[in-house]
Amino acid sequence: MKTVLFAAALLASVTATAQAAPVAYKLDPSHMSVAFIVNHLGFSNVIGRFNTAAGEVSFDKDAVQNSALKVTIDAASVDTAHAKRDEHLRSPDFFNAKEFPQITFKSTKIEKTGDRTGKLHGDLTMLGTTKPVILDVTFNKEGVSPASKLETVGFSARGTVKRTDFGMKYGAPNIGDEIQLLIEAEAVKS
């Protein structure tokens, strides 16, 4: 009887270990970039970024599909290195930052496509409109950062959204409708 109980306890321990829960991380704002590229009248591509963003990652390195991500971006932190343009981007013509101060992304599914790659599905909310988006994601590294000495995960994500899908119609199609997103992020274990 003792052998059966011991075996059952050992099996329960192994099962619990094999089905470990995802680990909670917070996005590190000092090692995070949320950038975009938009075509301007066919002449050039303007690169911009948001200077303020925060979020949480629930990461399961053994079963990436069980991971999740939530990000909140301060719309007023838009920065294209041109003060007058940035003021216009904060206006109702574009991000309408006073009425809609936050842009949010919440993952709905993660598909593993390779050893370190995947498709990050989620809901992007901007200007009060929520639309599904899919980002190509690369899981860069997981481990203790030699700089901070903290458990850290890092990833890169790329994708495209149509701004008019969110009601941002000013200047379209002369000012590009398809916006390329570039995200680089590190998250530190909570």
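Only this structure's heavy atoms are used, side chains among them; waters, hydrogens and symmetry mates stay out. Start at 1 with the first residue, then count along the sequence.
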Rounded to the nearest 0.5 angstrom, the NZ-NZ distance for K26 and K189 is 15.0 Å

Taken in chain and number order and not counting sequence neighbours, the residues that satisfy side chain to side chain donor-acceptor pair (under 3.5 Å) with N96 are E99

Check: Are side-chain N/O atoms of T152 and E186 paired as donor and acceptor at under 3.5 Å?
Finding: no

* Asked: Is K131 salt-bridged to D123, cutoff N-O under 4.0 Å?
  -> no

Sorted by chain and residue number, the side chain to side chain donor-acceptor pair (under 3.5 Å) partners of R116 (sequence neighbours excluded) come out as none

Quick note, ring pair (Phe, Tyr, Trp, His ring centres under 6.0 Å) partners involving residues 95-148, not counting sequence neighbours, are F50-F95

Report the C-alpha distance between Q180 and T160 in whole Å, list the side-chain angles of each, state the deciding distance to 0.1 Å, and finish with yes or no for side-chain hydrogen bond (donor to acceptor under 3.5 Å, both in side chains). CA-CA 5 Å; Q180 296 176 57; T160 303; 6.0 Å; no

Sorted by chain and number, sequence neighbours left out, side chain to side chain contact (heavy atoms under 4.5 Å, CB included) with N174 holds for L41

The side chain to side chain contact (heavy atoms under 4.5 Å, CB included) partners of A63 (sequence neighbours excluded) come to D60, Q65, N66

Report the C-alpha separation of H40 and N45 in whole Å, then their side-chain angles, then the decisive distance to 0.1 Å, and conclude whether the side-chain hydrogen bond (donor to acceptor under 3.5 Å, both in side chains) test is met. CA-CA 6 Å; H40 184 254; N45 293 300; over 6 Å; no

Output for pair (I110 CD1, L120 CG), nearest 0.5 Å, gives 5.0 Å

Worksheet entry | T138 side chain to N140 backbone, donor-acceptor under 3.5 Å | no

Heavy-atom nearest pair, A53 first then P29, reads O-CB, 4.0 Å

Sorted by chain and number, sequence neighbours left out, salt bridge (Lys or Arg N to Asp or Glu O under 4.0 Å) with K109 holds for none

dist T125:OG1 -> K106:NZ (nearest 0.5 Å) comes out at 10.0 Å

Q: Please test F155 against K141 for side chain to side chain contact (heavy atoms under 4.5 Å, CB included), starting from the C-alpha separation and ending with a verdict.
A: CA-CA 7 Å; F155 64 91; K141 188 173 180 179; over 6 Å; no

- Query: Ion pair present between K162 and E178, side-chain N to carboxylate O less than 4.0 angstrom?
  - Reply: no

